[in-house]
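Reckoned from all heavy atoms, side chains included, excluding hydrogens, waters and symmetry mates. These numbers were taken from a predicted model, which means no experiment stands behind them. Chain letters run A, B, ... following the sequence lines, proteins first, then strands; residues in each count from 1.
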Protein chains: 2
Amino acid sequence: MRTEGRAKRLPRAVRERQIMDAAVDVFSRLGFHAASMDEISEVAGISKPMLYAYLGSKEELFATCIRREATRMMEAIATGVEPEQEPDVQLWSGLRAFFGFVGENRASWQVLHRQASTQGGPFAAELADMRGRAVSLVAALLTQSTKAPATKLEAESLAAALVGAGESLAEWWLDHPEEPAGVVAARLMNLVWMGFGDLVEGNVWHPPSRR
Amino acid sequence: MRTEGRAKRLPRAVRERQIMDAAVDVFSRLGFHAASMDEISEVAGISKPMLYAYLGSKEELFATCIRREATRMMEAIATGVEPEQEPDVQLWSGLRAFFGFVGENRASWQVLHRQASTQGGPFAAELADMRGRAVSLVAALLTQSTKAPATKLEAESLAAALVGAGESLAEWWLDHPEEPAGVVAARLMNLVWMGFGDLVEGNVWHPPSRR
DNA sequence: CCTGGTACCTACTCGCGAGTAAGACTACTG
DNA sequence: CAGTAGTCTTACTCGCGAGTAGGTACCAGG
């Protein structure tokens with residue numbers, strides 16, 4: 001708890017990471033507009049001019065946050081899924097990785113999705129870019145697994161719906177933190193793979209064996 | 001296009017509706033924080049003190065907007081679905097009513113969902129309340145249609161997932177306005193009723209006969 | 001034609017937050 | 001022990017937006 005005095009001298013790279021962490025924290029709690037550069041600098045443990053010297057304007061800082069967190073998340077998902085497995089297993093791994101990331105990085109998800117999507121301009125574009133990558137991933141998975149003659153466009157739109165459902169469920173999850181990640185992921189898996197039509201008949205999907 | 005001069009004298013009730021319409025418009029375009037009372041008053045065609053005299057502070061005004069739009073939407077859905085039909089048909093009607101409303105009232109949906117959910121405090125509570133009503137509706141539908149021994153809790157959570165998926169798809173739709181409402185609704189219907197497992201086999205859901 | 005009440009206005013105050021000017025402290029390099 | 005490059009600060013300016021004081025136009029009923 002420092003309140004006064006000079007901050008310890010640190011190399012630029014380290015300071016920049018501290019500042020980014022503070023920024024993600026504050027943006028996620030307050031939103032872009034309500035967050036003030038004063039508060040970010042205080043949380044980061046430095047003074048405002050440092051902020052401007054290192055990360056530029058408020059908008060630049062926010063965009064940088066989005067890019068960093070988006071990259072972190074896509075990497076988490078990519079390392080969680082192995083391309084040679086069955087389609088449903090791949091989807092299952094992807095969902096678990098996704099919800100795992102969101103669960104352990106609520107702030108990241110907040111700033112990424114909730115904040116970025118409500119501020120217009122370049123921020124939403126940044127987010128849309130990430131979503132596009134996710135949709136392509138799922139679409140490829142679907143195309144690969146489809147036996148029926150489905151068009152590329154149809155796969156794309158279904159993938160978009162699934163990604164949307166995932167985003168939404170994560171959003172919902174933020175307000176119901178008591179549920180474990182695995183349960184939420186399994187719920188979505190069942191919903192999108194089996195459908196209500198099967199579920200009300202008692203047919204559920206489960207992962208093949210253990211692990 | 002008035003730019004100067006006095007506004008026509010109007011009874012209070014009429015003015016209040018004009019102001020609410022303007023507020024929904026501005027809040028949806030700019031978000032709560034970025035929206036200014038000056039701009040709302042200008043769009044409404046009156047001066048700022050009128051705003052304060054009639055609708056109170058900025059926060060009160062925003063909360064009033066949310067309540068009004070939430071009520072409008074729930075009514076639109078309720079009138080669209082007939083309780084004596086088959087479960088899947090009920091769901092289908094509900095989805096069409098929902099996406100129909102969102103399509104014809106983008107601004108309402110923006111202020112309702114995107115804005116209300118990002119501002120904390122009483123706004124999110126207002127929204128959560130509406131979502132709760134929607135979830136109960138769907139949960140009842142599911143419980144009624146289930147033959148398997150599903151718990152109430154399971155129905156609730158599945159309903160939450162479905163409502164979440166709907167919210168999300170509507171959200172996505174805002175950024176892809178070229179799609180017609182019926183197509184988006186059908187997509188979600190297929191996804192949640194059939195599931196990918198069926199869809200990749202070529203099994204799709206369709207409404208029973210025409211209309 | 002006066003008298004009140006309601007709709008409506010111009011023209012402020014005041015705090016908050018983005019962004020900056022100008023300099024002070026530290027540490028390494030010769 | 002200079003000199004210099006990079007870190008860090010205090011202490012501002014300045015505009016914008018929430019909320020208000022103190023009126024002016026307009027329409028009743030007497």
Protein-nucleic acid N or O pairs under 3.5 Å, nucleotides 11-13 of chain C:
none

Below 3.5 Å is the cut-off: list the nitrogen or oxygen pairs between protein and nucleotides 25-30 of chain C, distance only.
{"residue": "C:dT26", "atom": "O2", "partner": "A:R9", "partner atom": "NH1", "Å": "3.3"}
{"residue": "C:dT26", "atom": "O2", "partner": "A:R9", "partner atom": "NH2", "Å": "3.2"}

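Across all strands, B:A34 comes closer than 4.0 Å to no nucleic acid atom at all (heavy-atom distances).
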Check the pair A:F99, A:W109 against ring pair (Phe, Tyr, Trp, His ring centres under 6.0 Å), reporting the backbone distance first and the verdict last. CA-CA 10 Å; A:F99 283 102; A:W109 178 253; 8.8 Å; no
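Aromatic ring orientation, A:F32 versus A:F62: tilted (interplanar angle from 30° to 60°).
The stretch residues 97-112 of chain A participates, sequence neighbours left out, in no salt bridge (Lys or Arg N to Asp or Glu O under 4.0 Å) pair at all. Listed by first then second residue, pairs satisfying salt bridge (Lys or Arg N to Asp or Glu O under 4.0 Å) with a partner in residues 107-118 of chain A read A:R114-A:E171, A:R114-A:D175, not counting sequence neighbours. Among residues at least two apart or in separate chains, salt bridge (Lys or Arg N to Asp or Glu O under 4.0 Å) pairs with a member in residues 46-66 of chain B are B:D38-B:K48.
A salt bridge does not link B:R72 to B:E75: none of the charged side-chain nitrogens sits closer than 4.0 Å to a carboxylate oxygen.
Residues satisfying the side chain to side chain donor-acceptor pair (under 3.5 Å) criterion with B:N190, sequence neighbours excluded, are absent altogether. Remark: A:R133 pairs with A:D129 by the salt bridge (Lys or Arg N to Asp or Glu O under 4.0 Å) rule, at least two apart or across chains. Not counting sequence neighbours, the partners of A:E126 by the side chain to side chain donor-acceptor pair (under 3.5 Å) test are A:R67. The salt bridge (Lys or Arg N to Asp or Glu O under 4.0 Å) check on B:E156 picks up nothing, with sequence neighbours excluded. The salt bridge (Lys or Arg N to Asp or Glu O under 4.0 Å) search around B:R17 returns none, not counting sequence neighbours.
Residue A:A23 comes nearest to A:C65 through the heavy atom pair CB-SG, 3.7 Å, listed as atom of the first residue, atom of the second, then distance.
With contacts defined as side-chain heavy-atom distances shorter than 4.5 Å, the pair B:M130/B:M73 qualifies.
Near DNA chain D, meaning a heavy atom under 4.0 Å from it, residues 12-23 of chain A has A:R12, A:R15 in order of number. Listed by residue number, B:S57, B:K58 are the residues of residues 53-64 of chain B with a heavy-atom contact under 4.0 Å to DNA chain D.
Nearest nucleotide to the side chain of A:M50, out of D:dT7, C:dC8, D:dT20: D:dT7.
Taking atom CZ of residue A:F32 and atom C1' of nucleotide C:dG17, one finds them 12 Å apart after rounding to whole Å. What separates NE2 of A:H33 from P of D:dC16 is a distance of 13 Å, to the nearest Å. Rounded to whole Å, atom C1' of D:dC8 lies 13 Å from atom CG of A:L51. Look at CD1 on A:I46: it is 12 Å from P on D:dT10, rounded to the nearest Å. As a whole-Å value, the separation of A:Y52 OH from D:dC12 P is 19 Å. A:D38 places its CG atom 9 Å from the C1' atom of C:dC16, with the value rounded to the nearest Å. At whole-Å resolution of the value, CE in B:M37 and P in C:dC14 are 20 Å apart.
A donor-acceptor pair under 3.5 Å is absent between the side-chain atoms of A:Q85 and the main chain of A:Q90, judged by distance alone.
Put simply, A:S47 has a side-chain N or O that comes within less than 4.0 Å of OP1 or OP2 on D:dT9.
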